[in-house]
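Written below as structure tokens is the structure these notes are about.
Each residue takes its place number in the sequence, starting with 1.
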Amino acid sequence: MSLHAIITRLRAAGCVFAEDEARLLSTAARDHTELHAMVDRRVEGLPLEHILGWAEFQGLRVAVEPGVFVPRRRTELLVQHAAPLLRPHSVVVDLCCGSGAVGAALATIEPRIELHAADIEPAAVKCAHRNITQHGGEVHEGDLYDALPTALRGRVHVIVANAPYVPTDAVALMPPEARDHEPRVALDGGTDGLDLHRRIAAEAPDWLTPGGHLLIETSERQASHTAKAFATNGFHPQIHHSEDLDATVVVGTR
């Protein structure tokens, strides 16, 4: 199958970046049979990252397995605002970690942190092990803070969370590759999208050191409500937005 033929098929399937995807698939395939199968899977709507087995994030190749939330480029803003808060031996928790992309990126920036990542989805925990443990971090399975070792309570310097923030009724409006191939629990944030933001902010003071930081990705429309949840729980919130990444992060200091 020629590169032109692949591009034509991908364009017909609605792939916006057909040329780039065609080159990536051609490079990744070991032979023509595998290439045909990979292109077929992409045309059927499987996320490109699930087919390749990795996603590019903050300059890293992060392992991504089928059924796991694919890290978005916008989430790099979360890393960019967390990075200046890191110090050697800082205890860092990546909540709702998915593939562990955020934690892995932070450990690359400051390798001496004590890194913990947690997710409720077993497939995500399995995938995060591949990305987090190579940086000396630990991955835990469970619902938000319930997943963490109790010995971390009151010791955490930085909590980062790309928790789901899509309102329940809006999940059906997401692109098929997300709603059909990523776990619902990684997308659905409840009626207004902010159920987990409120829970994370409410319990964070029990886990953070005095002066510790909480950072949550949100949308520009929801940011004021996320910030309100921070303020309600004793944080001084600041909203940061990037037009380039189309991303918004709320940063709170205890």
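- With a 4.5 Å cut-off on side-chain heavy atoms, Leu187 and Tyr165 do not count as touching.
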Inset, instruction - With side-chain hydrogen bond (donor to acceptor under 3.5 Å, both in side chains) as the test, would you mind laying out the steps for His241 and Thr248 before giving the verdict? - result: CA-CA 4 Å; His241 182 73; Thr248 305; 2.7 Å; yes
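- The backbone N or O of Pro71 lies less than 3.5 Å from no partner atom in the side chain of Arg74, so there is not a single donor-acceptor pair.
- Counting only distance, with no hydrogens or angles, the side chain of Asn233 and the backbone of Ala229 share a donor-acceptor pair below 3.5 Å.
- Residues Val160 and Phe235 are members of separate hydrophobic clusters, defined by side-chain heavy-atom contacts under 4.5 angstrom among Ile, Leu, Val, Met, Phe, Trp and Tyr.
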Inset, instruction - Could you please spell out the steps behind the side chain to side chain contact (heavy atoms under 4.5 Å, CB included) verdict for Thr218 and His197? - result: CA-CA 9 Å; Thr218 188; His197 291 192; 3.6 Å; yes
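- Here the straight-line distance linking atom CG of Leu196 with atom CG of Leu95 works out to 9.5 Å at 0.5 Å rounding.
- Atom CZ of Arg130 has 12 or fewer neighbouring heavy atoms from other residues, nucleotides or ligands inside a 6.0 Å radius.
- Between the Thr133 side chain and the Gly136 main chain, no donor and acceptor come within less than 3.5 Å of each other.
- To the nearest 0.5 Å, atoms CG (Leu3) and CG (Leu35) are separated by 9.0 Å.
- When all heavy atoms of Gly103 and Leu115 are compared, the pair lying nearest together is O-CD2, 3.4 Å.
- Within the 3.5 Å criterion, the main-chain N or O of Arg23 finds a donor-acceptor partner in the side chain of Thr27.
- Looking only at side-chain heavy atoms (C-beta outward), Val156 and Val92 stay at 4.5 Å or farther from each other.
- Between the Asp119 side chain and the Gly98 main chain, a donor and an acceptor come within less than 3.5 Å of each other.
- A ring-centre distance under 6.0 Å is found for His116 and His140.
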Legend entry - Step-by-step side-chain hydrogen bond (donor to acceptor under 3.5 Å, both in side chains) determination, Glu217 to Thr75: CA-CA 7 Å; Glu217 177 180 314; Thr75 305; 2.7 Å; yes
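- Residues His50 and Val64 have side chains in contact (heavy-atom distance under 4.5 Å, counting atoms from C-beta outward).
- Tyr145 approaches Ile200 most closely through the heavy-atom pair OH-O, 2.8 Å.
- In the hydrophobic clustering of this structure, Leu24 groups with Val43; members are Ile, Leu, Val, Met, Phe, Trp, Tyr whose side-chain heavy atoms approach within less than 4.5 Å, directly or through other members.
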Legend entry - Derivation of the side chain to side chain contact (heavy atoms under 4.5 Å, CB included) call for Val91 and Thr209: CA-CA 10 Å; Val91 179; Thr209 61; over 6 Å; no
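- Across His225, Gln222, Arg198, a single residue satisfies side-chain hydrogen bond (donor to acceptor under 3.5 Å, both in side chains) together with Asp192, and that is Arg198.
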Inset, instruction - Any chance you could lay out the salt bridge (charged side-chain N to carboxylate O under 4.0 Å, His left out) test for Glu110 and Arg87, step after step, and finish with the verdict? - result: CA-CA 7 Å; Glu110 175 47 84; Arg87 301 291 182 269; over 6 Å; no
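- By the 6.0 Å contact criterion, CG on Asp146 is enclosed, its count of non-hydrogen atoms from other residues, nucleotides or ligands being greater than 12.
- Annotation for Trp207 and Pro149: closest pair CZ3-O, 3.4 Å, computed over non-hydrogen atoms.
- To the nearest 0.5 Å, the span separating CG on Leu214 from CD1 on Ile216 amounts to 4.5 Å.
- Taken to the nearest 0.5 Å, the CZ atom of Arg72 stands 16.0 Å off from the CG atom of Leu77.
- Counting only heavy atoms from C-beta outward, the side chains of Ile6 and Ser26 approach each other to under 4.5 Å.
- Under the 6.0 Å distance and 45° angle rule, Arg61 does not count as a cation-pi partner of Phe57.
- Counting only distance, with no hydrogens or angles, the side chain of Glu76 and the backbone of Gln58 share a donor-acceptor pair below 3.5 Å.
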Inset, instruction - Apply side chain to side chain contact (heavy atoms under 4.5 Å, CB included) to His157 and Leu85, showing your working. - result: CA-CA 8 Å; His157 298 92; Leu85 306 175; over 6 Å; no
Inset, instruction - List the steps and the verdict of side chain to side chain contact (heavy atoms under 4.5 Å, CB included) for Val166 and Asp188. - result: CA-CA 5 Å; Val166 179; Asp188 190 339; over 6 Å; no
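- The cluster map of Ile, Leu, Val, Met, Phe, Trp and Tyr, joined by side-chain heavy atoms under 4.5 Å apart, puts Leu48 and Val68 in different clusters.
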Inset, instruction - Show the numbers, then the answer: is there a side-chain hydrogen bond (donor to acceptor under 3.5 Å, both in side chains) between Ser99 and Asn131? - result: CA-CA 7 Å; Ser99 65; Asn131 295 311; 4.6 Å; no
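- Between His181 and Gly45, the shortest heavy-atom distance links the atoms CD2-O, 3.3 Å.
- Nearest heavy-atom pair across Ile109 and Ala83 is CD1-CB, 3.9 Å.
- Between Val79 and Leu106 there is a side-chain heavy-atom pair separated by less than 4.5 Å.
- Shown here for Leu208 and Val158, the closest heavy-atom pair between the two residues is CD2-N, 4.3 Å.
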Inset, instruction - Might you work through the salt bridge (charged side-chain N to carboxylate O under 4.0 Å, His left out) test for Asp244 and Arg73, ending with a clear yes or no? - result: CA-CA 10 Å; Asp244 180 49; Arg73 183 167 175 256; 3.6 Å; yes
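- Of the candidates Arg11, Arg42, Arg9, Arg41, Arg42 is the only one forming a salt bridge (Lys or Arg N to Asp or Glu O under 4.0 Å) with Glu21.
- Within the 4.5 Å cutoff, side-chain heavy atoms of Arg199 are placed close to those of Asp143.
- In this structure the side chain of His89 never reaches within 4.5 angstrom of the side chain of Glu114, judged on heavy atoms.
- Residues Leu86 and Leu78 are members of one and the same hydrophobic cluster, defined by side-chain heavy-atom contacts under 4.5 angstrom among Ile, Leu, Val, Met, Phe, Trp and Tyr.
- Atom NE2 in His213 sits 10.0 Å away from atom CD in Gln238 (nearest 0.5 Å).
- To the nearest 0.5 Å, atoms CG (Leu194) and OG (Ser219) are separated by 7.5 Å.
- Linking Ile, Leu, Val, Met, Phe, Trp and Tyr whenever their side-chain heavy atoms come within less than 4.5 Å leaves Val93 and Ile132 in two separate clusters.
- Side-chain atoms of Arg179 and Pro176, non-hydrogen and from C-beta on, do get closer than 4.5 Å to each other.
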